[in-house]
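Whatever order the structure lists them in is the order used to number ligands and atoms, beginning at 1. Scope of the values below: all heavy atoms of this structure, side chains included, with no hydrogens, waters or symmetry mates.
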Amino acid sequence: MKISIDRRTVIAAVAGLAATVAFGAGAVAQQKVLLRLSSPASATDQRALGLEKYFGPAVADFATFQPHWNASLFKQGTELEAIARGNLEMSIASAQELSTIIPAWSIFTAGYLLRDAEHQKKVFSSGVMDDLKKQTEDKLGVKLLSVMYLGKRHVNLRTDKEVKTPDDLAGVKLRMPGSEAWLFLGKALGANPLPLAFTEVYTALQTGAIDGQDNPLPTDKDAKFYEVTKQIVLTAHLVDQNYLTISKKVWDGLTPAQQATVQKAADEACEAARRAQLALEAELEAFFKEKGLKVYAPDIDAFRKKVQAEYLASKFAKDWPAGLVDKINAIK
Ligand code: KDO
């Protein structure tokens, strides 16, 4: 039998095939899970770099990682609510934010509790936080994937009077992120805390609306706070941690293999960012001195004593799970 195919049939067949391919590709693309992350972190922050390099590509087979930096999608502090409402898939959350919804989280907002990056990582994976993590999933629909090291927070001032003890911070207008737990930390340090969004801090320092702010050295460099301040007091009052979070609903919609890939990618990205932050912390003192800032250690014992006493006597401590401070301290 002779099969004859005319030109029109060929064109129609090719067009049909093209449509099938296009539709097929579209269908595959549509099946990809969209993972939008919103954070006030800048695109050059080590956490952002770590996630873009190690998280996005590792999940690309089944998910589109779409980060929005500089709080360009959601305002700082509103991300958890956005996830809970199904409007956002991922965020970089702080214990301070979590404590506004689940008060027990305030334990991780206490100054001079976590000792360093290693301690922070061990505490996160030790099991002592399991109950808090579970409550966060159940009440908020937010799953904590991994812990992120932001660095040791230090006081950074535009004034040049030296600070040795908490008394020297009396009356100093110290910007803190806008939540009760953050403001309490500023007060515990001896300062007069003022709430302000991270994205507004540079201008507030420049204009003198605030006398100072507190952040880890890598953040001070990244946000260029050294351009508008004169000194960094190495108070190391908080080993700051953030958590890489994902919507529990989105997580539950992934296959077990995809969940394992997301978890591994999250851990690797956070580990890379942690190493980068630590390396920067080790070298930045010299950078700031070169820029003309005074960088020095105050009487850390005086700060530690005051801050710890303030926290233990605070209303926050009443919400802390019994025995958790001791368990955290016992992790070596
Ligand atoms: C800040 O607002 O000072 C802070 O350092 C608080 C952190 O918890 C974190 O949210 C961070 O900002 C942002 O990611 C910007 O780096």
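In summary, D301 and R304 engage in a salt bridge, as defined by a charged side-chain N under 4.0 Å from a carboxylate O.
Relative ring orientation between F184 and F316 is described as perpendicular, the plane-to-plane angle rising above 60° on a 0-90° scale split at 30° and 60°. Taking the six-membered ring where tryptophan is involved, the planes of Y243 and W105 are tilted, since the angle between them lies from 30° to 60°.
Close to ligand 1: N242, with a non-hydrogen atom less than 4.0 angstrom away. Not a single heavy atom of M176 sits less than 4.0 Å from an atom of ligand 1. Within the 4.0 Å heavy-atom shell around ligand 1 one does not find Q96.
Taking distance alone, with nitrogen or oxygen atoms compared against 3.5 Å, S94 stays at or beyond that limit from ligand 1. Checked against a 3.5 angstrom limit, the closest N/O atoms of W182 and ligand 1 fall outside it. On a distance-only criterion, Q76 and ligand 1 share at least one N/O pair closer than 3.5 Å.
When heavy-atom distances to ligand 1 are checked against a 4.0 Å cut-off, R153 comes that close only through its side chain, counted from C-beta outward.
Near L150, with a cut-off below 4.0 Å to any heavy atom, the atoms of ligand 1 are 5 (O), 7 (C). Each of the atoms 16 (O) of ligand 1 lies under 4.0 Å from some heavy atom of D45. Residue P177 approaches ligand 1 through these ligand atoms, each under 4.0 Å from one of its heavy atoms: 1 (C), 2 (O), 3 (O).
Of the protein's non-hydrogen atoms, the one nearest atom 5 (O) of ligand 1 is N215 OD1, 2.7 Å. Looking only at protein heavy atoms, the nearest one to atom 1 (C) of ligand 1 is R175 NH1, 3.5 Å. In terms of protein heavy-atom proximity, atom 14 (O) of ligand 1 is nearest to R47 NH2, 2.9 Å.
Residues forming a side-chain contact (heavy atoms from CB on, under 4.5 Å) with A84 (at least two apart in sequence, or on another chain): L140. Legend: residues meeting side-chain hydrogen bond (donor to acceptor under 3.5 Å, both in side chains) with T219, ordered by chain and number and at least two apart, are absent.
In terms of modelled atom types and a separation under 3.5 Å, the side chain of T100 and the main chain of E97 share a donor-acceptor contact. Remark: side-chain polar atoms of Q308 are paired, donor with acceptor, to backbone N or O of Y112 under 3.5 angstrom. Of the possible polar contacts, none joining the H237 side chain to the G186 backbone as a donor-acceptor pair under 3.5 Å is found.
The option with the heavy atom closest to atom 13 (C) of ligand 1, from among P40, S179, S39, is P40.
By the criterion of side-chain heavy atoms lying less than 4.5 angstrom apart, applied directly or through intervening Ile, Leu, Val, Met, Phe, Trp or Tyr residues, F198 is not grouped with F74; the two fall into different hydrophobic clusters.
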